[in-house]
There are 2 protein chains.
Amino acid sequence: MVTVDLAIFSVVDDSLAVLLVQRPDSPGEPYPGSWALPGGFIDVARDADLVACARRKLREKTGVVSPYLEQLGSWGNRRRDPRGWSVTHAYFALLSSDAIQLQAGANAAAVRWAAIGDDSTRIGERLAFDHADILAAAVERLRNKVEYTSLPAFLLPVEFTLTELQRAYEIVMGRPVEKSAFRTRIDSAGVVERLSRTRATGSRPAQLYRLKDRTNPVYFPRTFSPRS
Amino acid sequence: MVTVDLAIFSVVDDSLAVLLVQRPDSPGEPYPGSWALPGGFIDVARDADLVACARRKLREKTGVVSPYLEQLGSWGNRRRDPRGWSVTHAYFALLSSDAIQLQAGANAAAVRWAAIGDDSTRIGERLAFDHADILAAAVERLRNKVEYTSLPAFLLPVEFTLTELQRAYEIVMGRPVEKSAFRTRIDSAGVVERLSRTRATGSRPAQLYRLKDRTNPVYFPRTFSPRS
DNA sequence: AGAATAGTGTCTTTAAGACAATATGGC
DNA sequence: GCCATATTGTCTTAAAGACACTATTCT
């Protein structure tokens, strides 16, 4: 029993959110009606490899084709699924919420975004299987990497302002970021390239930028604020 | 077909080395006689979970019970094993070479250490399956984490001098480290605790230290030398 | 005493934190 | 011109790099 599960993150209503699907009520299915991370069995006929499987499930749920996708780890033991020893390969994805077309699939009664609390990695509800553990690991990985990478940029649409990028960092980190230091950091690391257009904001318009590389994150030489 | 494979690192003859085992020659076995990372099928009767499986295999090969062990990732596709779609869960382990009792097992004709080149992640030989990819990923992970963690300390025996610790860093990083900055870094992060004994060196004896925490690595606030 | 390695001090450099000042477009 | 937000500048601070100096034990 080998599956792939996804922690799909986006910024919804100015906070970090993860996509959850509801387990089917069919008899024989474990955790009927519970919320869970999207995922499912590998289709050895269709999926060339694990990443292909993850991409397929992401596409089926969100319609998004090329998000930031990173392997998170694997969870396997004899307790996590009542049907016996099972293993899942977890991935986490970052995408812009405006690119998403939510789709309830055959195996998922409903789909929704669940906000991640600023203070904790806990979601309000009990998730199916060990998905709470997987989600906690995904949030932890994301929160760690935010400190020294450009990951939050993948939560934004293709074109964005530096203020929006800074806001994405603040949402993921759960704390304010100093504007001037932030801009030097982004600039000297060569994360973005300036576009010719600006975005109207009601006051002084903001310069638009886009990522130089939509595929790989940039690693900064230091973390944001050194852990004590 | 689900397996667990291990990249077991140690310092041997003053260079970073990984443990390889030779594949059996039995008919029906893929890659007969090739060198490979130690590993094998999960035993659902004996292994409570993936880590337990990794620990068991590590113990069987080296006799080491409690090394530093970290999940590396999983590799799965329909090409990596000629017998069909297969998945492996890779772990990497760090241990002191003086704690090791090498043991050729039932499923491994021979065992040996292979040095990792300073300049590349390549091992001289062709490894079985996709183990060259897995090893490359393990070396990359290790080389990345060395820059901001105390991982090299797990390559040393329980008691060590700061010079030995510095040498372990240099071996993994493949470049010299500045002594004074290194010591301030280790000291201010509270990585080690001073023992009362010293080690004779032929000249001024060196103070002995041990890790404050033999289980978890310490994360430094900055990398060693910022990537350009 | 001299050799050799252990351990410390000083100065420079890099990039972040704090905070203030300036710039610009809409109204 | 006024307001609000964008953008830039200045000063301070933390920790690494470079390199020199001191300390201690053995021969």
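Lettering follows sequence order; numbering is per chain, from 1. As the structure is a prediction and not an experimental result, all values here were calculated from the model.
Of the charged side-chain nitrogens involved, at least one lies within less than 4.0 Å of a carboxylate oxygen, so that A:E164 and A:R199 count as a salt-bridged pair. Under the 4.0 Å criterion applied to side-chain N and carboxylate O atoms, A:R141 and A:E70 are assigned as salt-bridge partners. Here A:R175 pairs with A:E147 in a salt bridge; the nearest charged N to carboxylate O distance falls below 4.0 Å. In this structure, A:E170 pairs ionically with A:R167, as a charged nitrogen and a carboxylate oxygen lie closer than 4.0 Å.
Here A:R183 lies in heavy-atom contact (under 4.0 Å) with a base.
Residues A:L165 and A:F182 have side chains in contact (heavy-atom distance under 4.5 Å, counting atoms from C-beta outward).
In the interface, the side chain of B:R222 is paired with the base of D:dA14 through a donor and an acceptor atom under 3.5 Å apart. One N or O donor and one acceptor, one from the side chain of A:S180 and one from the base of D:dG9, sit under 3.5 Å apart.
OP1 and OP2 of C:dA15 both lie 4.0 Å or more from every side-chain N or O belonging to A:T184.
Proximity note for B:K179 (side chain, C-beta onward) versus D:dA18, C:dA18, C:dA6: the nearest is C:dA6.
Geometrically, B:R80 does not engage B:W75 in a cation-pi contact, judged by NZ or CZ lying under 6.0 Å from the ring centre and within 45° of the ring axis.
Going from atom CD of A:Q166 over to atom C1' of C:dA16 covers 14 Å, rounded to whole Å. A:I186 places its CD1 atom 16 Å from the C1' atom of D:dT8, with the value rounded to the nearest Å. A:R185 has its CZ atom 19 Å from the C1' atom of D:dT8, to the nearest Å. Atom CG in B:D187 sits about 13 Å away from atom C1' in D:dA15, given to the nearest Å. Counting to the nearest Å, the P atom of D:dA6 and the CZ atom of A:R167 are 12 Å from each other. One can place OH of A:Y148 at 24 Å from P of C:dT14, the figure rounded to the nearest angstrom. Rounding to whole angstrom units, CG of residue B:L165 and C1' of C:dA6 are separated by 15 Å. Rounded to an integer number of Å, the gap from CD of B:E178 to P of C:dC11 is 16 Å.
Remark: B:G202, B:S203, B:R204, B:P205 in residues 195-207 of chain B come within less than 4.0 Å of DNA chain D through at least one heavy atom.
The closest side-chain donor-acceptor pair between A:S74 and B:Q71 falls under 3.5 angstrom.
In the helix from C:dA1-D:dT27 to C:dT13-D:dA15, the rotation axis of the first five pairs and that of the last five pairs differ in direction by 20°, rounded to 10 degrees.
A ring-centre distance under 6.0 Å is not found for B:Y209 and B:F160. Between A:Y148 and A:F224, the distance separating the two ring centers is not shorter than 6.0 angstrom.
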